Novice: 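Here's a structure for you.
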Amino acid sequence: MRVVHIITGLNVGGAEMMLYKLVSQHDRALVEPEVICLQPNGAMGVRIAALGIGVRSLDLRTPAGSIAAIGKLSRWLRELRPDIVQTWMYHGDLFGGVAARLARCRNIAWNIRNSTLDPAQTGRSTLQIVKILARLSRTIPARIVCCSENARLIHAEIGYDSGKMVVVPNGFDLDLFSPDPVAYRAVRAELGIENDSVLIGLMARYHPQKDHRTFFASAARLHAVLPDVHFLLCGTDVDRSNSDLMALVAQAGAHERFHLLGKRDDMPRLTAALDIAVCSSSFGEAFPNVLGEAMACGVPCATTDVGDAAYIVGDTGRVVPTKSPERLAEAMQELASAPVSERARLGAAARRRVQDHFDLPTVARRYEQLYREIGEPCIA
């Protein structure tokens with residue numbers, strides 16, 4: 001079965017990472033994947049190509065080239081003759097869906113990765129595309145895959161065809177993300193942190209969605225009560241060259257307690273070094289990957305109530321309202337003050353929850369079953 005994935009871009013992000021994980025799991029005797037991105041190729045495209053999977057880029061940089069890009073994409077699909085066209089993200093759904101129809105492909109699956117669509121936080125052009133997609137959802141896709149129940153409900157309310165929607169959560173590699181006592185000690189040694197100090201992590205690029213302001217306000221409150229706690233942050237633009245971020249550090253005080261590591265390639269190792277993982281996001285998240293990754297490492301989480309965060313964490317962590325430094329600080333304090341044995345119990349329960357609900361091979365099989373359900377040769 002040949003499956004062509006069409007995605008907006010291939011820089012590092014949640015949707016791009018899930019696509020990489022999905023194609024890496026496919027049994028190539030059953031599924032032959034190809035990937036096309038609308039924008040110039042990025043880091044995840046390089047990683048996908050290293051798996052021996054074909055990656056093409058339309059190199060679309062401005063809206064002016066949209067019509068030509070759809071025509072070129074349609075020609076590529078006629079050449080590839082896929083059995084399934086799987087599109088990702090709003091622009092991928094629109095461009096890929098229209099191009100697939102022009103190529104006379106019948107078996108199309110969209111993929112929704114976003115939750116809230118607050119006009120104050122979402123670009124006008126994106127909101128317009130979502131409205132168009134809601135109308136087209138009745139004619140173009142055979143299925144609409146949502147990565148969370150929250151995303152499904154929100155898009156059904158907007159007008160997407162709810163009868164075509166299915167929820168397939170993100171999946172996590174339990175071998176890659178796992179408890180690692182060696183990493184736990186080594187990362188602390190590198191950062192100059194004692195092994196018995198509590199280390200709290202926020203793994204997120206610097207972006208309004210991630211709400212670093214709330215995190216630092218919460219950290220300041222926590223430091224006033226538990227001054228020995230350390231905070232590890234990493235992600236794109238999370239370093240001391242970011243003047244806006246450094247202003248938040250200054251406001252929080254205790255400059256030496258914040259370890260800003262920037263963009264890193266050793267996320268499993270860093271995650272396994274944490275005692276507590278935090279998601280402070282305030283909007284837009286459908287299924288925060290950082291929660292599943294931390295839980296797979298046996299790390300309990302304190303998270304804001306975004307997307308399906310409450311369902312992901314279950315009773316293994318703490319969930320608080322968005323934009324509430326007081327409540328997030330209370331959740332972090334509760335976990336940080338708990339005996340080591342209690343955090344270990346919660347961490348073990350968190351890993352079991354990932355095993356039971358979000359194991360990557362199981363999620364990949366669900367995608368494959370979906371493809372079989374809507375199968376038949378795609379080119380009419």
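None of the values given here were measured: they were computed from a predicted structure.
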Novice: Can D266 and R264 be counted as an ion pair, charged N to O under 4.0 angstrom?
Specialist: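 A salt bridge is present here (some side-chain N lies under 4.0 Å from a carboxylate O).
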Novice: When you look at Y371 and V3, which way does the side-chain contact (heavy atoms from CB on, under 4.5 Å) test go after all the steps?
Specialist: CA-CA 8 Å; Y371 298 155; V3 179; 3.9 Å; yes
Novice: If we only count heavy atoms from C-beta on, is the L199 to R188 side-chain gap below 4.5 Å?
Specialist: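 In short, these two side chains touch, coming nearer than 4.5 Å.
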Novice: Under the criterion side-chain contact (heavy atoms from CB on, under 4.5 Å), I'd like the reasoning laid out for C37 against M44: C-alpha separation, chi angles, the key distance, then a yes or no.
Specialist: CA-CA 11 Å; C37 67; M44 295 310 301; over 6 Å; no
Novice: Answer yes if the side chains of T87 and D93 hold a donor-acceptor pair under 3.5 Å, and no otherwise.
Specialist: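 On atom types as modelled, these side chains qualify, holding a pair under 3.5 Å.
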Novice: Check this for me: does any side-chain nitrogen of one of D180 and R185 sit under 4.0 Å from a carboxylate oxygen of the other?
Specialist: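 R185 and D180: not salt-bridged.
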Novice: Consider only side-chain N and O atoms of D275 and Y184, and report whether a donor and an acceptor are under 3.5 Å apart.
Specialist: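 Result is yes, a qualifying pair exists.
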Novice: Assess the side chains of N150 and D308: does a donor N or O sit below 3.5 Å from an acceptor N or O?
Specialist: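 Looking only at side-chain atoms, D308 and N150 do not form any donor-acceptor pair under 3.5 Å.
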Novice: For V168, run the side chain to side chain contact (heavy atoms under 4.5 Å, CB included) check against N111, V363, L22 and tell me which one passes.
Specialist: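 When N111, V363, L22 are each tested with V168, the side chain to side chain contact (heavy atoms under 4.5 Å, CB included) holds only for V363.
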Novice: Less than 4.0 Å between a side-chain N and a carboxylate O, is that true for R113 and E285?
Specialist: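 No salt bridge links E285 with R113.
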Novice: Is it true that R318 and E334 make a salt bridge, defined as a side-chain N closer than 4.0 Å to a carboxylate O?
Specialist: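 So R318 pairs with E334 through a salt bridge.
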Novice: For the residue pair S241 / D239, report whether a side-chain donor-acceptor contact shorter than 3.5 Å exists.
Specialist: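 A donor-acceptor contact under 3.5 Å links the two side chains.
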Novice: Which label fits F358 and Y311: parallel for a plane angle under 30°, tilted from 30 to 60°, or perpendicular past 60°?
Specialist: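 Rings of F358 and Y311: perpendicular, over 60°.
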